[in-house]
Amino acid sequence: MTPATPKPETITRKQSIIQPEPDTGKPLVFNTKGLNLYYGKTHALKDIHLPIAENEVTAIIGPSGCGKSTYLKALNRMVEMVESVKITGEVLYRDSNIFDRSFKVEELRTRVGMVFQKPNPFPKTIFDNVAYGPRIHGIRDKKTLKQIVEKSLRGAAIWDEVKDRLDENAYSLSGGQQQRICIARCLAIEPDVILMDEPTSALDPKSTMKVEELVQDLKEKYSIVIVTHNMQQAARISDKTAFFLNGEVVEYDATDTIFSNPSDKRTEDYISGRFG
Amino acid sequence: MLKAGSVKEMIQQKKKATSSTSVIEKAVPVLLFTAAFISVLTTIGIVFTLIIETILFFRQVSIAEFFSGTVLRPLSRVEPQYSILPLIMGTMMTTIIAMLVAIPVGLTTAVYLSEYASTGARKVLKPMIEVLAGIPTIVYGFFAFTFVTPVLREVIPGLASTNALSPGLVMGIMIIPMVASLSEDAMSSVPNAMREGALAMGCTKFEVTFRVVIPAAISGIIASFVLGISRAIGETMIVTIASGSTKNFTFDVTQSMQTMTAYIVEVTSGDAAAGTTIYYSLYAVAMTLFVFTLTMNMLARYISRRFREVY
Ligand SMILES: Nc1ncnc2c1ncn2[C@@H]1O[C@H](COP(=O)(O)OP(=O)(O)OP(=O)(O)O)[C@@H](O)[C@H]1O
Ligand SMILES: [Mg+2]
């Protein structure tokens, strides 16, 4: 691969990554510092430095197998489900390291919700799906639960479609509706951050558009990290974009900059569809 | 390199060749059907015999006596009495004891294997449990009689040398692998996405297990219980050896009790002449036993269909 011709304003990669973008000045929800992750011998994440700002949509793009999902799952420590995983470095969530022994993983996951690639509602009614989190965390009062469910379903822009069928099994809904139920389920425990791993890759264009619009609305209240293979989607909905390649962050910047004026040749190649 | 169209040619040639062997194509379904038909025919034959002989039995003994009396005294010269209730009681008590062992232990094992065990632990434990399932029931029988009963008698003073308790417990141990492996199948077929969904919401492992996995697998789990019950009802060797042959109508499991299966063993191994009432009673008891286990098996099927979760 030929190295990129350096542009005059190009700063070295490390610097641009460690510093949060000066123009936003928004506080950070996550700050990743020197994160390395191994699946057994596979070095899946290599010295990641990446800030995630509050009330923004951060998109993660990159070719298949470059570590996007792994990074996302590191943020809520779901990656630890894999027995062989080893992690070094730190991820600060609101200034405390999530890998500290004193940091309770359940606590983290109630603050950091996740929406998966394939909709995965529970085999329960729509109501019970959304009420599931609040119930687990101790809310029993019927009236309160009802309010939470309605609020969450409205928040996920699906209330009007399901308000008359809350007692039906969530699996009776279409894929796109199921995905929004999963988003509602996530909203019901009022998280701080929402992680989304290719949330629209299993959806048709119309449902995709709905979810994209929803993401735009949600960033008013939540901070969102979204993994996507769809370049247009990243460009449409995100404020910041990180480009991953072979377990490294090649470039992180404002989405506009990444898509119009990337500083790394590899980013440019990927975005213009030359590989990946 | 393949020539364009050559694959198509090869397929067509194969097609032609197979059409000449169409005799096989026609014969196979017939053969398969015959095999299936033989087993169906056997079943029908058995059920038919059972019904006929049972009807003959009820010519000699009233249905009322059979199902409501409490005394079974087939060998009495003076006044033979034929009530099945003591046998049902024996079957019921041993089955209940067995399930009190098999359900909690089996389910706990299943939960451990499916949700908690590391891959290594699972690899070691599963075959060991399967060994338990492979032990012949006669071995369990003398284990109950020569080991469990004496040990229990140390603890429970009033325990008779043959009793319902000891074979019940051992039968429970025998059924553990069945409950464990069927429940484990049901639980591990709950998609991982469901567990991840719950974990990602801050649920603990315990909450995921008891509020997501078990509810989602409940039909399979209950079906495993019912099949276990069916197995306990039909179990013969253990109770014949360790529970004795006293036809007690009692709830006292420290005493000897006879089950339906053990009664059949006793009568068939004696020399009941064909045509005698005691001979026909065999069929009436067998019929009752058959109805019990059939009901249980159908219940298990119904449960696993009716309550199957969609996902
Ligand atoms: N459970 C696992 N065990 C071992 N290796 C894994 C595991 N999950 C992922 N990997 C490896 O880690 C690397 C990163 O995988 P990851 O799933 O994060 O990629 P991705 O960027 O999300 O890809 P995709 O776009 O296809 O979803 C890959 O090389 C993959 O083979
Ligand atoms: Mg992925």
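Each chain gets a letter, A, B and so on, in the order the sequences are listed, and its residues count up from 1.
Crowding of A/Arg165 atom CZ: a count of heavy atoms from other residues, nucleotides or ligands under 6.0 Å exceeding 12. A 6.0 Å sphere centred on CZ of B/Phe251 holds no more than 12 heavy atoms belonging to other residues, nucleotides or ligands. Within a 6.0 Å radius of NZ in A/Lys163, more than 12 heavy atoms belonging to other residues, nucleotides or ligands are found. The environment of CZ in B/Phe147 is sparse: at most 12 heavy-atom neighbours from other residues, nucleotides or ligands sit within 6.0 Å. Within 6.0 Å of atom CD in A/Glu190, 12 or fewer heavy atoms from other residues, nucleotides or ligands are found, so the atom counts as exposed in its surroundings.
In this structure, chain B has no heavy atom under 4.5 Å from any part of A/Arg111. In this structure, chain B has a heavy atom under 4.5 Å from the backbone of A/Val112, while its side chain stays farther away.
Here the closest heavy-atom approach between residue A/Met114 and residue B/Ala200 is recorded as CB-CB, 3.9 Å.
Taking NE2 of A/His137 as the start and SG of B/Cys203 as the end, the distance is 5.5 Å to the nearest 0.5 Å. A distance of 7.0 Å separates CD1 of A/Ile136 from OG1 of B/Thr204, quoted to the nearest 0.5 Å. Annotation: the span from A/Asn76 atom CG to B/Met201 atom CE amounts to 12.5 Å, rounded to 0.5 Å. The distance from the CZ atom of A/Arg109 to the CG atom of B/Leu199 is 5.5 Å, given to the nearest 0.5 Å.
Side-chain atoms of A/Phe122 and B/Pro215, non-hydrogen and from C-beta on, never get closer than 4.5 Å to each other.
Side-chain atoms of A/Asn120 never come within 3.5 Å of backbone atoms of B/Met194 as a donor-acceptor pair (strictly under, hydrogens ignored).
No hydrogens or angles considered: nothing links the side chains of B/Ser118 and A/Glu83 as a donor-acceptor pair under 3.5 Å.
Of the listed residues B/Arg211, B/Glu207, B/Arg195, the one with more heavy-atom pairs under 4.5 angstrom with chain A than any other is B/Arg211.
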